[in-house]
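Just so it is clear, the structure is predicted and the values come from calculations on it, not from any experiment.
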Amino acid sequence: MPTRHDIRNVAIVAHVDHGKTTIVDAMLKQAGAFAAHQQLDDRMMDSNDLEREKGITILAKNTAVKYHPKDGGAPITINIIDTPGHADFGGEVERGLSMVDAVVLLVDASEGPLPQTRFVLRKALQQRKPVILCINKTDRPDSRIDEVVNETYDLFLDLDADEDQIEFPIVYACGRDGVASLTKPENGTVPADSDNLEPFFSAILEHVPAPVYDEEAPLQAHVTNLDADNFLGRIALLRVEQGELRKGQTVAWIKRDGTISNVRITELMMTEALTRKPAEVAGPGDICAVAGIPDIMIGETLADPENPIALPLITVDQPAISMTIGTNTSPLVGRGGTGKGADAKSAVKQRKVTARQVKDRLDRELIGNVSLRVLDTERPDAWEVQGRGELALAILVEQMRREGFELTIGKPQVVTKEVDGKTHEPVERLTVDVPEEHMGAVTQLMGVRKGRMDNMSNHGSGWVRMEFVVPSRGLIGFRTEFLTNTRGTGIAHSIHEGHEPWFGTLTTRNNGSLVADRAGAVTAFAMTNLQERGVLFTDPGTEVYEGMIVGENSRSDDMDVNITKEKKLTNMRSSSADSFEAIVPPRKLSLEQSLEFCRDDECVEVTPEAVRIRKVILDQNARGRASSRAKNG
């Protein structure tokens, strides 16, 4: 069959923070993608504000470099897909793999293969993609290159790789310095026999198969991602499998439901470095972007109008975690930060607080996020949103908050399924790296959450690696406690491991809540009296309402408190009689920590200025009646 030798399509896959985006930066710079005078940022592929803040890749992105071989041959276009390393964004990984012919598996020279390494490698092996192993960060002082290579071989065997897949080439690299070599360096050093990424480019050209096609086959192009442009409208990113796609061409659009309609390609673009440039034609193996089809969806096919043949739809793993997202129903809805001043009033006008706005935004998210589900609930102003994990759903809520939405978020729940008449729940494989002195605390923490230890290894460096199989329910709220118990030194990662029979009742939070019993502003006087009751979450002057949670009780039950109480002054008291007490600084909870903190009868109010935790039933008396009814059945 004919082969296109002028192009290679490769995805870079790895665990979180093993250096994917950094090595792509180095490839772009060394391939001459930028002019010498251009000001370049670190992690150029992380274009999203949240990606830069959190230091993780959330969206799969593609770039292209023109590589000029050292032997003077014709330049070769290398299309690179930078995929997320977090299993919560697994839908992005699966889409990225459908666009390429091979993968570069990046593994940290010290940490070795971690849960997401297993996750992304399993996907690549299932799709029969050749693998190039790149041991990155060889300059780390604690690097252990030989052991990491052996662990990676064990991982391939564990995932039932066949003989061809196990015979993979190995490249050693320091992505930060832009250096790669085929010769193993000493632990803790940068490869000495090279000063650039030339060996890495050579390995890609040698081991990534060039796209093959059938000259007689009709046009087939697969939509793998979506983007938007203010002038062009919706843009579909696709890979041309067979035939040619031209600007102005009329093609058959095969939708997910099997219906076919003819559409015209108004704009065709190809990626060069980080920009899209207009093109006239895209051939087999090319990754391109087209405009002119306003309702096109991921997984659909563009084909020849005379002979339309659909490509298989992209399938992704089922969601494991769900939470309810609805409009803000608190007494402070639509009031902004303080509700005072012209700036606050104009900001409040931009608020998105209606059910229609929330539903439209969730529907928009579904267009580009194939791993998400949105289901109706009994209430017209709330929807059940299902995703891969807590982080993926928290990122969605954070993006909506920044766009001006006010929301009420329910406690995350697991998505169960019936197997042979019994309820099964999702389970995760949790890998924990901790110093030896915290091993007992972590084991005790996992025991409460019904986790069973599967493996434990000690590298002799003072750190222990433990693997647990634990119900996904048990990991809701786990991170905060884990970091507290390990004094912030522990590292924990988990991936979905399938479903097992229901584990029974789990009690993950032992402490109750301190609940405000009236509306008003928090006073320092009231905080001084209450801080011995538990840990407070609010600053003096913060506006609260009845049913809002202002702290964590030191006991297991909830306590209604008056946090707005003022000091009564009389003319009998002299000013010098005042006693001054220091207020313990309140604990500030992030959005993720607030979701972890929630109990079943609590929810999180999210606005652009604030994240508040509140009771679902705000009225104190109604709450008491509801709990007594629940106890008495």
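Other residues, nucleotides and ligands place no more than 12 heavy atoms under 6.0 Å from the NZ atom of Lys277. More than 12 heavy atoms of other shown residues, nucleotides or ligands fall within 6.0 angstrom of atom CD in Gln126.
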side-chain contact (heavy atoms from CB on, under 4.5 Å) between Ile170 and Lys184, intermediate numbers included:
CA-CA 9 Å; Ile170 303 176; Lys184 182 174 80 69; over 6 Å; no
What do the steps show when you test Val290 against Val251 for side-chain contact (heavy atoms from CB on, under 4.5 Å), and what is the final call?
CA-CA 12 Å; Val290 300; Val251 297; over 6 Å; no
Should Leu268 and Arg246 be marked as a side-chain contact (heavy atoms from CB on, under 4.5 Å) after you check the CA-CA gap, both sets of side-chain angles, and the distance that decides it?
CA-CA 7 Å; Leu268 176 67; Arg246 294 180 179 276; 5.7 Å; no
Show, in sequence, the C-alpha distance, side-chain angles and deciding distance for Met99 and Asn9, and conclude whether the side-chain contact (heavy atoms from CB on, under 4.5 Å) test is met.
CA-CA 7 Å; Met99 301 168 77; Asn9 296 322; over 6 Å; no
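In this structure, Glu467 contributes its side chain and Thr431 its backbone to no donor-acceptor pair below 3.5 Å. For Lys66 (side chain) and Pro75 (main-chain N/O), no donor-acceptor pair under 3.5 Å exists by modelled atom type. Proximity of a side-chain donor or acceptor of Asn136 to a complementary backbone N or O of Leu106 within less than 3.5 Å is not detected. Between the Ser181 side chain and the Tyr172 main chain, no donor and acceptor come within less than 3.5 Å of each other. Remark: side-chain polar atoms of His438 are not paired, donor with acceptor, to backbone N or O of Phe482 under 3.5 angstrom. When atom types are taken as modelled, the side chain of Arg264 and the backbone of Gln249 share no donor-acceptor pair closer than 3.5 angstrom. Here the side chain of Thr77 pairs no donor or acceptor atom with the backbone of Ile7 at under 3.5 angstrom. Judged by distance alone, with hydrogens and angles left aside, the side-chain atoms of Thr266 form a donor-acceptor pair with the main-chain N or O of Ala291 at under 3.5 Å. For the pair Ser143 (side chain) and Asp139 (backbone), a donor-acceptor distance under 3.5 Å is absent.
Between Val385 and Val397, the closest side-chain pair of non-hydrogen atoms is not below 4.5 Å. Residues Val171 and Leu182 meet the side-chain proximity criterion, which asks for heavy atoms closer than 4.5 Å. Annotation: side chain of Val131 is in contact with side chain of Leu121 (closest heavy-atom distance under 4.5 Å). Between Ile293 and Leu302, some side-chain heavy-atom pair lies under the 4.5 Å cut-off. The side-chain heavy atoms of Leu125 and Phe156, taken from C-beta on, include a pair separated by under 4.5 Å. For the pair Glu365/Met400, no side-chain contact is recorded, criterion being any heavy-atom separation below 4.5 Å from C-beta on. In this structure the side chain of Met27 never reaches within 4.5 angstrom of the side chain of Tyr67, judged on heavy atoms. A 4.5 Å side-chain heavy-atom check between Asn79 and Val100 finds every atom pair outside the cut-off.
For the ring pair (Phe, Tyr, Trp, His ring centres under 6.0 Å) test, residues two or more places apart in sequence or in another chain that qualify with Tyr153 are Phe168. The side-chain hydrogen bond (donor to acceptor under 3.5 Å, both in side chains) check on Arg487 picks up nothing, with sequence neighbours excluded.
Gly112 approaches Val107 most closely through the heavy-atom pair C-CG1, 3.5 Å. Looking at every heavy atom in both residues, Glu215 comes nearest to Pro2 through CG-CG, 3.5 Å. Taking each heavy atom of Arg239 and Pro211 in turn, the nearest pair found is NH2-CB, 4.0 Å. For Gln386 against Pro319, the heavy-atom pair with the smallest separation is CB-CB, 3.6 Å. Considering every non-hydrogen atom in both Thr271 and Ala64, the closest pair reads O-CB, 3.2 Å. Between Arg256 and Glu300, the shortest heavy-atom contact is N-OE2, 3.1 Å.
Remark: Glu163 CD to Glu167 CD distance equals 7.5 Å, nearest 0.5 Å. Separating the CZ atom in Arg176 from the CG atom in Asp25 is a distance of 13.5 Å, to the nearest 0.5 Å. With rounding to the nearest 0.5 angstrom, the CD atom of Glu241 is 5.5 Å from the CG atom of Leu311. Asp108 contributes atom CG, which lies 11.0 Å from atom SG of Cys134 (distance to the nearest 0.5 angstrom). One distance of note links NZ of Lys29 with CG of Asn196; it measures 14.5 Å at 0.5 Å rounding. Distance check: Lys247 NZ to Cys288 SG gives 13.5 Å after rounding to the nearest 0.5 Å.
A salt bridge links Asp162 to Arg128: one of the charged nitrogens lies within less than 4.0 Å of a carboxylate oxygen. The residues Arg140 and Glu111 are annotated as salt-bridged, a charged nitrogen and a carboxylate oxygen being separated by less than 4.0 angstrom.
Geometrically, Lys352 engages Phe405 in a cation-pi contact, judged by NZ or CZ lying under 6.0 Å from the ring centre and within 45° of the ring axis.
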